[in-house]
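Inspection log for the structure reproduced underneath, given as structure tokens.
Just so we're on the same page: letters track the sequence lines, and every chain starts at 1. Not measured: the values here are computed from a predicted model.
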Number of protein chains: 2
Amino acid sequence: MGDACHHHHTDGPPGAAEVERALAAADGRLTAEGERMTAARLRVLALLLGAGEPVKAYDLIARFGEDGQPAKPPTVYRALEFLERKGLAHRIASISAYVACTSGGRDHAAAFLICDCCGATQEVSSPVAGDLGLVADAAGYAIERTTIEAHGRCPACRIAA
Amino acid sequence: MGDACHHHHTDGPPGAAEVERALAAADGRLTAEGERMTAARLRVLALLLGAGEPVKAYDLIARFGEDGQPAKPPTVYRALEFLERKGLAHRIASISAYVACTSGGRDHAAAFLICDCCGATQEVSSPVAGDLGLVADAAGYAIERTTIEAHGRCPACRIAA
DNA sequence: GGCGCAGTGTTATGAGATAACATCACAGAT
DNA sequence: ATCTGTGATGTTATCTCATAACACTGCGCC
């Protein structure tokens, strides 16, 4: 992802140090909660954090081995399921891709602004879920999870192109 | 879809007469707009309308022929793309399924309440898109389309179960 | 009647995700 | 220390979802 346009973008992926910090934080928190932050889970989270934008599952599979060896699909899908369950990652259904959570972790409803031009994706704390909840209540539905994704162009891609 | 639970639901799929009326209306409108409402497109729309709930693409493919002959995938995917472009159908990304539009047609942003128990799906006029638009504006994003889907339990499935 | 375009038919393949089952690692009980 | 259950992983195979590519057709238009 992130190669559809060729103009300049300022904000690249996070540096290695940031990724390390986030990994350590996630590891610490989950271990404290009694969860097992295994090698595969850490590796997938590291790949997501390092990318800083949505990544396709099969890209994760391809990049999984430090040495270039791909993983088997279930290895990565299981890790993704775990990370999503723990609020550390999200699936973006409209593009079948996965992204590290940037809103602190924990289980939560999220919404995304996705640039169709460069792939940049911003997680916004779901202001929307509130409204949607009201509509759902009125219709008698009991909502358990939401998928809220807006596609368009990020500031950089609006100016360029 | 729609067979996960076994308790009673009152609202079944629309009757044949309703489907016929909706088909005729869609045909008339698109023809008036200079579009070609071909046999394949009508057939797919008829299947969606008849189901009254989200249908998987390969279910449409399987049911395509009146005589039980399946269609080739591109036939159905092309029809779906056209119907979606014209606002007559929507793709539900979170479950990879398609549903006839129940809000009058035309191009529009939609939101959905989806029952994970029985598959019932309700299209609600997007109240949410407004909010999301505000957030997007603040972030500098120019939004072109949205995916808003809420999963949970419909009134009937809340009571039963 | 020849051009161009939108739509279709057909074959093949690419991309996304999971089922099923064997094995392994570890915490807690005895 | 060892047994034992549970959660995690390895591995193979398969299933579902979607599209690329190319030939052909019908039709309006000049």
A:Ile95 side chain reached by A:Pro54 side chain, heavy atoms, under 4.5 Å: yes

Quick one: [X] [atom1] to [N] [atom2], roughly how many Å, whole number?
X: A:Gln69; N: D:dG10; atom1: CD; atom2: P; value: 14 Å
X: A:Tyr58; N: D:dC17; atom1: OH; atom2: P; value: 15 Å
X: A:Asp59; N: C:dG14; atom1: CG; atom2: C1'; value: 13 Å
X: B:Ile95; N: C:dA17; atom1: CD1; atom2: P; value: 15 Å
X: A:Arg43; N: D:dT9; atom1: CZ; atom2: P; value: 15 Å
X: B:Leu60; N: D:dT16; atom1: CG; atom2: C1'; value: 14 Å
X: A:Met37; N: D:dT9; atom1: CE; atom2: P; value: 11 Å
X: B:Ile61; N: D:dA18; atom1: CD1; atom2: P; value: 9 Å

For [X] and [Y], which I'm curious about, is there any donor-acceptor pair between the side chains at under 3.5 Å?
X: B:Glu84; Y: B:His90; result: no
X: B:Thr121; Y: B:Glu53; result: no
X: B:His151; Y: A:Thr146; result: no

Where is the tightest heavy-atom contact between A:Tyr141 and B:Ala120, given as atom of each residue plus distance? OH-O, 3.6 Å

Are OP1 or OP2 of [N] and a side-chain N or O of [X] less than 4.0 angstrom apart?
X: B:Arg91; N: D:dA18; result: yes
X: B:Tyr77; N: D:dT16; result: no
X: B:Thr75; N: C:dG9; result: yes
X: B:Lys72; N: C:dT11; result: yes
X: A:Thr38; N: D:dT9; result: yes
X: B:Lys56; N: D:dC17; result: yes

Any N or O donor-acceptor pair linking the side chain of B:Arg78 to the base of C:dG9 at under 3.5 Å? yes

Does B:Arg36 or A:Phe82 map to a spot on DNA chain D nearer the 5' end, using the closest nucleotide for each? A:Phe82

On DNA chain C, nearest-nucleotide positions of B:Arg41 versus B:Pro73: which is more 5'? B:Arg41

Considering only heavy side-chain atoms of B:Pro74, the closest of C:dA17, C:dT10, C:dG7 is C:dT10

